[in-house]
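Working notes for the structure below.
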Amino acid sequence: MAPLFFNDLSFDIKKLILSYIIRPEDLKSLCLTSKQIREIVTPQLYKKVLLFIGGQKDLRVSALLSRSNPGIQHIRKICLQLEKTFLPSQILQDSSDESEEEEVEVRVEDVLGAARQAQFTVRLLLDFLPNDILETFSWQNWEPFSMDNWILLLKKQKRLKAIECACVNSPFMPVLEKHPELLKNLEGASSVHFYPDNLDRLQACQKILQAQPEISEMQLTSDRALAEEVPEGLQDSSIRPGLISRTIFSHFMPFETCKPMVLKKLSIDNIDLRYAADTYMKFIKFSALESLVIGGCTGADAVFAQLSKPHLRPTKLEKLRWFHEETSEPHALEAFEGLLDALSGLKILHVDINNITGLPRASAIAHHGQTLQMLGVRSRMPHSAILMYESEQFDEICTNCLELRQLSVTFPPTSVSNAAPSADFKTYLRSCKKLRHLVTVNFHGWPSTDSSFIGRSRKMKPLWYDLYEHNLQRLAQQIFEASDTNSAEQGWGLGHRSMLSVIAFGANGKTPYDEPQHVKLKQVPFVRGMQTDAFGKTSMLAVKTVWKMVQFIEPESDILNHSLYDLHDVHNSP
């Protein structure tokens with residue numbers, strides 16, 4: 001039988017095979033191979049476009065919008081970020097013995113000038129994009145978005161599935177009253193994201209929500225750090241519903257007799273939920289939720305207690321994320337554990353809490369062992385180490401949650417200066433060997449290092465950082481190799497290697513100082529690579545990458561992309 005080559009396959013089979021390639025660089029290379037392959041991969045390459053605008057990279061936008069570009073018609077999602085926006089998470093701050101740490105300063109006029117240029121670039125982008133092709137259009141909140149650009153977006157892109165009502169440079173309501181057709185253009189949307197931080201935006205959110213009776217996803221984000229004027233009475237109280245409840249959801253009043261919204265996904269961030277039983281629990285059907293994210297909300301324990309009741313319990317819930325940083329709610333963790341005991345069938349569980357002593361009970365997590373595929377747990381107290389489970393508790397989780405694919409927890413301390421990890425660290429790794437489907441492991445803490453690496457200012461010497469990173473790579477290499485050995489012994493995985501593909505140290509976003517370790521770093525992930533020696537023999541090698549690129553290397557690693565710091569602290573950074 002003659003050998004079968006890739007070019008001999010049918011068009012549909014080629015398309016199916018190439019759909020598994022997701023890395024943009026690989027897709028670009030494939031476009032240069034043949035006309036047929038370019039036709040197949042071009043829609044996938046251009047489906048989601050991330051643009052950094054407001055700087056020199058704006059020159060690339062004109063090439064993207066060229067009529068000779070065959071990929072422009074395949075764009076479905078556009079995400080915009082300001083090129084010169086200061087992101088503390090992208091900077092490694094070093095110091096030496098002779099001088100204190102130098103703070104990075106960004107001139108305000110540079111950022112404002114870049115933002116003005118960005119608005120012009122957005123206008124150019126919207127003018128030249130083909131009509132009615134976008135499903136999602138999002139932008140980083142570098143400054144109020146241009147209202148003219150927002151109107152143009154809704155007029156030219158009538159198939160948007162996600163609507164974002166954020167900060168703009170002029171009031172919403174006069175525009176919606178003058179152009180009522182804009183609301184009709186939004187009728188096909190299934191997802192809304194509201195930032196209810198002033199009266200005009202509250203009223204605009206109500207108009208948009210009333211025009212979307214069939215939405216299935218909603219995000220409420222009270223971004224006080226970016227709000228110009230936060231009105232009083234924004235949140236619910238014991239006396240009456242707050243402005244958010246009685247304005248955005250006014251068409252549901254009275255809440256006691258309304259027909260609640262049926263949502264599949266709900267995300268609430270920075271909103272007081274202490275009195276949600278009389279408001280949100282009335283006009284939203286929580287029992288129908290499949291995904292629930294609660295971030296930085298005071299009174300979250302009241303919601304957890306309500307959801308534990310039989311008639312309100314979300315029986316279809318598969319994803320639950322809780323990000324918390326309040327100090328005045330000691331019973332929040334107990335209420336959350338009660339909710340875990342009441343629920344069943346969770347696939348994704350992510351907890352990132354601050355200022356609460358304790359971790360969710362291991363038995364409450366093990367209760368979802370038959371279905372749980374992603375687990376992230378982190379709890380921190382000020383001026384103390386990150387809390388971690390006892391070895392027996394962690395082993396209980398691993399023994400029961402055999403379907404885990406992504407794991408993000410705090411491991412026992414170890415030192416990269418030693419040839420082998422510490423005994424407690426090895427005990428945790430032995431428990432992880434029970435997880436045959438494990439793809440991603442995230443260690444919250446940073447391994448310690450030799451004291452000679454540290455300067456008098458209690459921070460790592462710049463000259464020693466590369467050596468420290470090399471030692472991290474050696475530790476990741478040991479973990480990969482031990483996982484492969486265990487997989488071969490058990491007959492698991494892919495041939496002689498395990499499913500483990502990503503090992504990451506630290507949390508993403510704005511990483512705080514870890515005083516016991518004297519290290520301040522952004523997240524460092526290592527992925528499987530390959531090295532070839534002088535004799536042509538290949539072997540596995542742990543290769544450092546950046547967390548934003550992991551999604552193109554191993555899609556099942558989204559546990560790395562969530563952090564309490566990302567959600568709440570980054571806007572307040574100096």
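All residue numbers refer to positions in the sequence shown, counting from 1. On a predicted model such as this, the values are computed, not experimentally measured, just so you know.
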[Y]/[X] salt bridge by N-O under 4.0 Å criterion:
| X | Y | result |
| --- | --- | --- |
| Lys544 | Glu469 | yes |
| Glu337 | Arg361 | yes |
| Asp352 | Arg321 | no |
| Arg497 | Asp484 | no |

Quick one: side chains of residues 396-413, donor-acceptor pairs under 3.5 Å with protein atoms, not counting sequence neighbours, listed by atom name and distance.
from: Thr399; atom 1: OG1; to: Asp395; atom 2: O; distance (Å): 2.6
from: Thr399; atom 1: OG1; to: Lys434; atom 2: NZ; distance (Å): 2.9
from: Asn400; atom 1: ND2; to: Glu396; atom 2: O; distance (Å): 2.6
from: Gln406; atom 1: OE1; to: Asp558; atom 2: N; distance (Å): 3.1
from: Gln406; atom 1: OE1; to: Ile559; atom 2: N; distance (Å): 2.9
from: Gln406; atom 1: NE2; to: Asp558; atom 2: OD1; distance (Å): 2.8
from: Ser408; atom 1: OG; to: Asn442; atom 2: OD1; distance (Å): 3.0
from: Ser408; atom 1: OG; to: His444; atom 2: NE2; distance (Å): 2.8
from: Thr410; atom 1: OG1; to: His444; atom 2: ND1; distance (Å): 3.0

Looking at every non-hydrogen atom in both residues, tell me the closest pair between [X] and [Y] and how far apart they are.
| X | Y | result |
| --- | --- | --- |
| Ser448 | Tyr468 | O-CE1, 4.4 Å |
| Ser222 | Asn270 | O-CB, 3.1 Å |
| Leu333 | Pro360 | CD1-N, 3.9 Å |
| Phe304 | Ala332 | CD1-O, 4.2 Å |
| Phe6 | Lys14 | O-CE, 3.1 Å |
| Ala419 | Arg474 | O-NH1, 3.3 Å |

Close side-chain approach of [X] and [Y], heavy atoms under 4.5 Å:
| X | Y | result |
| --- | --- | --- |
| Met388 | Tyr428 | yes |
| Leu45 | Cys31 | yes |
| Phe336 | Ile353 | no |
| Lys77 | Val49 | no |
| Phe526 | Val502 | no |
| Ile22 | Pro555 | yes |
| Phe552 | Asp26 | no |
| Gln473 | Leu541 | yes |

Say you draw a straight line from [atom1] of [X] to [atom2] of [Y]; how long is it, rounded to the nearest 0.5 Å?
| X | Y | atom1 | atom2 | answer |
| --- | --- | --- | --- | --- |
| Glu290 | Ser216 | CD | OG | 9.0 Å |
| Ile268 | Met218 | CD1 | CE | 7.0 Å |
| Arg430 | Phe394 | CZ | CZ | 12.0 Å |
| Leu340 | His367 | CG | NE2 | 8.5 Å |
| Ile271 | Leu220 | CD1 | CG | 4.5 Å |
| Thr485 | Gln490 | OG1 | CD | 11.5 Å |

Can you tell me if [X] and [Y] form a side-chain donor-acceptor pair at under 3.5 Å?
| X | Y | value |
| --- | --- | --- |
| Ser138 | Glu164 | no |
| His193 | Thr221 | yes |
| Ser498 | Arg528 | yes |
| Thr440 | Ser557 | yes |

message = Can you confirm whether more than 12 heavy atoms, excluding those of Lys264, are under 6.0 Å from its NZ atom?
response = no
query = Does CD in Glu390 sit with more than 12 non-hydrogen atoms of other residues, nucleotides or ligands closer than 6.0 Å?
reply = no
query = Taking it one step at a time, do Asp269 and Tyr195 satisfy side-chain contact (heavy atoms from CB on, under 4.5 Å)?
reply = CA-CA 10 Å; Asp269 192 19; Tyr195 294 82; over 6 Å; no
Give a yes or no answer on whether the side chain of [X] reaches the backbone of [Y] with a donor-acceptor pair at less than 3.5 Å.
| X | Y | answer |
| --- | --- | --- |
| Thr532 | Lys537 | no |
| Asn418 | Ala420 | no |
| Thr414 | Ser422 | yes |
| Gln306 | Asp301 | no |
| Thr33 | Ser29 | no |
| Ser501 | Met499 | yes |
| Asn471 | Ser417 | no |
| Gln44 | Ile21 | yes |

request  = Please identify each residue that fulfils side-chain contact (heavy atoms from CB on, under 4.5 Å) with Leu317, with sequence neighbours left out.
outcome  = Leu289, Leu292, Pro314, Leu320, Leu343, Leu346
ask   = Under the side-chain contact (heavy atoms from CB on, under 4.5 Å) criterion, do Tyr389 and Leu359 qualify, and how do the steps go?
value = CA-CA 8 Å; Tyr389 287 107; Leu359 293 164; 3.8 Å; yes
inquiry  = Apply side-chain contact (heavy atoms from CB on, under 4.5 Å) to residues Gln81 and Leu50 and explain how you reach the verdict.
reply    = CA-CA 8 Å; Gln81 291 191 14; Leu50 172 63; 4.2 Å; yes
query = Which class fits the ring pair Phe323 and His350: parallel under 30°, tilted 30 to 60°, perpendicular over 60°?
reply = perpendicular
task = Test side-chain contact (heavy atoms from CB on, under 4.5 Å) on Val303 and Ile294 and set out the steps.
result = CA-CA 10 Å; Val303 173; Ile294 296 181; 4.2 Å; yes
